[in-house]
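I have placed the structure first, in the form of structure tokens, so that the comments after it can refer back to it.
As a basis for the values below, the full set of heavy atoms in this structure was taken, side chains included, without hydrogen atoms, waters or symmetry mates.
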Amino acid sequence: MTALTKYERLEAAGLWRGDPDAQRRDVIVSLGDATLTISDTHETALTHWSLPAIIRLNPSERPALYAPGEDATEQLEIDDDTMIRAIEKVRRVVERRRPHPGRLRHWITAGLFALFLALGIFWMPGALRDYTVSVVPDPTRDAIGQRILTRIGRVAGQQCDGQDGHDALDRLKSRVLAAPDTRVIVLSGGVQTAAHLPGRITLLNRALIEDYEEPDVVAGFLLAEDMRRRDTDPMKALLEHAGLKATAQLLTTGDVPDSVIDSYAEDLLTTAPAPLDHTALLARFEKAGVRSTPYAYALDITGESTLELIEADPVLLADATPLLTDANWVRLQGICGE
């Protein structure tokens, strides 16, 4: 056995007995290549023990007590340090080489636990959020959107409610959007330009109407915001902001805490709109028959960052048809009644 190379033919004195009722005898213990030989003082072999089968009966105690196996009746007492170290080294080598089914089971259990933990951290929140978004009914979406709108109104400014202006806004919405159930609301303040809420609510800052000479600008923002709504479900955006606990509460109770509503409303007021792919956006402008150049200059007065929207405008000015009559555009500009 390679573990015992430096202990070849090691001998030491010991005390041995063949069974529990026998007297202990002085013996000579010889360490061989694969066996432990126990001989009397006349060098007559009394027994041979297989080294791999030897067990220690009193770990860490002295003198050391050994047996040739689990059910053996023989017992050997050794007080020699060198012999004890040699036998213990053999036992350690044998233990390392022996199959450990329990150890494998522990590793498998630990691996499964790590897998479930990773799933819980990285996969479950997204999966729960996506499932919740898919099952939230329209009335719940409408109610949550209205709560956010109410909170925004308290913080940043009330809705503009001029009736003539609303009629003109409805005409523009019907002309630009293929979504008749979308509610378009103009706010006296709050959102930077435009935003969307659950329940098909689109918010517009009054400046998009009052600060420009043509309705093409506000029409462009309507198209852009509708594209964002289609790209990212507003309910999903809310739940990403809300976190796992609020998502689970919405799924189980159909409600969202007021604190989440307040926090999300404030976030909408301070977060810049998500950027859009210009190629896809130009396709929306072309389908709606809306010029993209006015919208591009409203985003960047220099036109440097929106040059693609200007140069690739799908509707030439000479071919464009008015989005609103002059009278309706004037009515829309007065929607805030000031």
Side-chain angles (χ1 to χ4, degrees), residues 160 165-166 168-187 189-198 200-237 240 267-333 335:
C160 297
H166 268 296
L169 183 60
D170 287 340
R171 289 176 182 274
L172 182 64
K173 180 188 72 173
S174 301
R175 168 66 176 79
V176 172
L177 299 180
D181 54 346
T182 298
R183 292 174 60 196
V184 180
I185 296 174
V186 180
L187 296 176
V191 291
Q192 298 180 35
T193 52
H196 59 274
L197 307 177
R200 288 183 172 271
I201 299 174
T202 296
L203 306 179
L204 298 174
N205 188 298
R206 63 186 293 182
L208 299 178
I209 299 171
E210 296 177 349
D211 293 355
Y212 299 95
E213 297 180 355
E214 54 190 346
D216 300 68
V217 173
V218 66
F221 279 93
L222 281 174
L223 283 170
E225 204 57 39
D226 189 62
M227 185 172 171
R228 290 189 181 93
R229 181 186 61 80
R230 293 171 184 267
D231 289 345
T232 302
D233 190 314
M235 183 59 69
K236 182 177 181 179
E240 286 176 346
D267 188 62
L268 277 177
L269 300 179
T270 57
T271 302
L276 295 171
D277 178 73
H278 283 179
T279 301
L281 184 57
L282 284 168
R284 289 295 307 274
F285 275 88
E286 182 177 18
K287 184 177 180 180
V290 176
R291 291 186 297 133
S292 59
T293 299
Y295 168 77
Y297 279 118
L299 289 177
D300 181 356
I301 194 171
T302 69
E304 293 180 1
S305 63
T306 56
L307 187 60
E308 183 180 356
L309 295 176
I310 297 170
E311 293 183 340
D313 193 330
V315 181
L316 298 177
L317 179 59
D319 299 330
T321 57
L323 301 180
L324 287 175
T325 65
D326 289 342
N328 281 326
W329 174 233
V330 171
R331 293 187 184 100
L332 179 55
Q333 287 188 303
I335 192 172

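- The main-chain N or O of Y212 is found under 3.5 Å from a side-chain atom of Q333 such that the two form a donor-acceptor pair.
- When the side-chain hydrogen bond (donor to acceptor under 3.5 Å, both in side chains) test is applied to T271, the partners found at least two apart in sequence or on another chain are D267.
- Considering only residues two or more places apart in sequence or on other chains, R200 meets the salt bridge (Lys or Arg N to Asp or Glu O under 4.0 Å) condition with D181.
- T279 has its side chain within reach of E308: a pair of non-hydrogen atoms, C-beta onward, lies under 4.5 Å apart.
- Proximity of a side-chain donor or acceptor of W329 to a complementary backbone N or O of L323 within less than 3.5 Å is not detected.
- With sequence neighbours excluded, the residues satisfying salt bridge (Lys or Arg N to Asp or Glu O under 4.0 Å) with E214 are R291.
- Screening residues 296-322 for ring-ring contact (aromatic ring centres under 6.0 Å, His included) gives no qualifying pairs among residues at least two apart or on separate chains.
- For the ring-ring contact (aromatic ring centres under 6.0 Å, His included) test, residues two or more places apart in sequence or in another chain that qualify with Y295 are F221, F285.
- For the salt bridge (Lys or Arg N to Asp or Glu O under 4.0 Å) test, residues two or more places apart in sequence or in another chain that qualify with K236 are D130.
- Every residue two or more places apart in sequence or in another chain that forms a side chain to side chain contact (heavy atoms under 4.5 Å, CB included) with T232 is listed here: A237.
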Could you list the donor-acceptor pairs under 3.5 angstrom formed by side chains in residues 313-322, with sequence neighbours left out?
from: D313; atom 1: OD1; to: S292; atom 2: N; distance (Å): 3.2
from: D313; atom 1: OD1; to: V315; atom 2: N; distance (Å): 3.0
from: D313; atom 1: OD2; to: S292; atom 2: N; distance (Å): 3.2
from: D313; atom 1: OD2; to: T293; atom 2: N; distance (Å): 3.0
from: D313; atom 1: OD2; to: T293; atom 2: OG1; distance (Å): 2.6

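- Residues that satisfy the salt bridge (Lys or Arg N to Asp or Glu O under 4.0 Å) test with R229, not counting sequence neighbours, are D226.
- Listed by chain and number, the residues in a side-chain hydrogen bond (donor to acceptor under 3.5 Å, both in side chains) with D233 are R141 (sequence neighbours excluded).
- Contacts of S174 classified as side-chain hydrogen bond (donor to acceptor under 3.5 Å, both in side chains), with partners at least two apart in sequence or in another chain: none.
- With sequence neighbours left out, D300 forms a side-chain hydrogen bond (donor to acceptor under 3.5 Å, both in side chains) with T302, S305.
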